[in-house]
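Data block below; observations after.
We use all heavy atoms of the structure for the numbers below, so side chains are in, but hydrogens, waters and symmetry mates are not.
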There are 2 protein chains.
Amino acid sequence: MPKKVDHHARRTLIADALMRVAADRGLEAVSLRHVAAEAGVSSGMVQHYFRTKDEMMTFALGVVGERIRARIERGLAALGEASSIRAQVRALLLQLLPLDKTRWAEGRVALAFLAYAAGRPSVAAKPAEDAALMREFVAERIRTARAAGAPGGAEPSQAATALLALVDGLGLQILSEHCPPDLAVSVFEDRLDALFGRE
Amino acid sequence: MPKKVDHHARRTLIADALMRVAADRGLEAVSLRHVAAEAGVSSGMVQHYFRTKDEMMTFALGVVGERIRARIERGLAALGEASSIRAQVRALLLQLLPLDKTRWAEGRVALAFLAYAAGRPSVAAKPAEDAALMREFVAERIRTARAAGAPGGAEPSQAATALLALVDGLGLQILSEHCPPDLAVSVFEDRLDALFGRE
DNA sequence: GCTTTCACCATGCGATCGCATTGAACGCGC
DNA sequence: GCGCGTTCAATGCGATCGCATGGTGAAAGC
């Protein structure tokens, strides 16, 4: 075999450029040529690693998902062993809020992709699956917290849906600048208090 | 003056076509030609009523906002005079959830516009203003409900932000099919119960 | 009746799009 | 050292884009 090249690394490099373009010029500015220019490579090379634009988009969407997943995992790991359920759920969902520059840009891209994926079921499948897993995770935590004496309320899976929706909504408000980040966090913490008790 | 034509009606006709295209083929399929074809007019006419594509987009966005506003007003009016505060807030926010075909399509368009308006401050200004008004409306209702004995909680304006965010998030989940509409409604009603008491 | 004014259409320009094609450069197995 | 397959750059095709242009037809004003 000739020239050994790390395919995945190259694809990720290109996907990064795509996200940079999408974050500060909008998804409609994402074209093979623009992405190639942003990545500092030829457009021929982009085509070499992604046969179609859709393939490139889908891959980039996957990268965003993977980044978020990794950040969540890191956040949970940084919590240590004997952390409270509230702290775990808090750590998980806080990673979904666009509170710093990185996550803000990522949120912008995610929003653009959300609109892009609407009506492309094959593209939306993976994120939907991730969301379902997350809901189940949160629901499970609520169940065990309730068993340990946390105040009751709606059905756990329903409460999880509500909490996820609240976080999504807060993220949206931050991205569209309808709400300062710290207000969003405080709203989020209030809801956490109601579910798991104040700490 | 020659031929009298209702400018606003023509523009609305075109905006309607734009929304139909955006709803079922995505915002990136919105072009002067496609919109014109969908509206059954020549592309020259579209250009006659909108000097630039951006002007057309902005107008269409305004139409969506106006539709939502009108629907809210109708919903509130249908409530009659002596309706409870809970019923008023419920009527307002229920109009924001994409519960039927019409509102679902509208939600899709709104989502696409949200991504479009990101990074176009002049486009995003009007929706931001509307959102602020709505938050103030809800906050005010919460204040008067509290004065009349409703259970306390977070600061009214903060509670309003939370409720708005929840509705936004639920809308998102419905649009991306992460959550069936009736579950979203039930989640929403639970939150209403917590704020204003069950009825 | 002639001009003016507005509504509308047809055409096309320059740019950009996604993508296919072609071929050169390069490192490996033989 | 020679063929071979991978990597990547160059080029161009056909389609489509936003938009400018110039023209036509019809109603209103004098």
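To the nearest 0.5 Å, atom CE of residue B:Met57 and atom CG of residue B:Leu18 are 6.0 Å apart.
Proximity of a side-chain donor or acceptor of B:Lys53 to a complementary backbone N or O of B:Val30 within less than 3.5 Å is detected. A donor-acceptor contact shorter than 3.5 Å links the side chain of B:Arg135 to the backbone of A:His178. The main-chain N or O of B:Gln95 is found under 3.5 Å from a side-chain atom of B:Arg71 such that the two form a donor-acceptor pair.
What separates CD of A:Glu55 from P of C:dC19 is a distance of 10 Å, to the nearest Å. At whole-Å resolution of the value, CG in A:Asp6 and P in C:dG27 are 18 Å apart. The distance from atom CD of B:Glu28 to atom P of D:dT16 is 15 Å, rounded to the nearest whole Å. Remark: P of D:dC17 and CD of B:Gln47 are 12 Å apart, rounded to the nearest angstrom. Atom CZ in B:Arg33 sits roughly 13 Å away from atom C1' in C:dC9 (whole-Å rounding). Rounded to whole Å, the distance from CE on B:Met45 to P on D:dA26 is 17 Å. Straight-line distance from the CZ atom of B:Arg11 to the C1' atom of C:dA7: 14 Å, rounded to whole Å. The NE2 atom of A:His8 sits 19 Å away from the C1' atom of D:dT7 (whole-angstrom rounding).
Here B:Ser43 lies out of heavy-atom contact (under 4.0 Å) with every strand. Using a 4.0 Å heavy-atom criterion, one finds that B:Val30 contacts the sugar-phosphate atoms exclusively. Using a 4.0 Å heavy-atom cutoff across all strands shown, A:Val46 reaches no nucleic acid atom at all.
For B:Leu32, the side-chain atoms get nearest to D:dC19 when compared with the rest of D:dT7, D:dC19, C:dC19. Listed candidates were D:dC8, C:dA7, D:dC19. Nearest to the side chain of A:His48 is D:dC8. Looking at the side chain of B:Thr52, the nearest of the listed nucleotides D:dC19, D:dT7, C:dC19 is D:dC19. Comparing C:dC8, D:dG18, D:dT7 by their closest approach to the side chain of A:Tyr49 singles out D:dT7. Nearest nucleotide to the B:Arg10 side chain, out of D:dA9, D:dC19, C:dC8: C:dC8. Nearest to the side-chain atoms of B:Val5 among the listed nucleotides D:dG18, C:dA7, C:dC19 stands C:dA7.
Taking only side-chain nitrogens and oxygens, B:His34 comes nearer than 4.0 Å to OP1 or OP2 of D:dC17. Residue A:Ser42 has no polar side-chain atom (N or O) positioned under 4.0 Å from OP1 or OP2 of D:dC8. In this model, the phosphate group of D:dT6 is not approached by any side-chain N or O of A:His7 to a distance below 4.0 Å at OP1 or OP2.
Here the closest heavy-atom approach between residue B:Thr161 and residue A:Leu183 is recorded as OG1-CD2, 4.0 Å.
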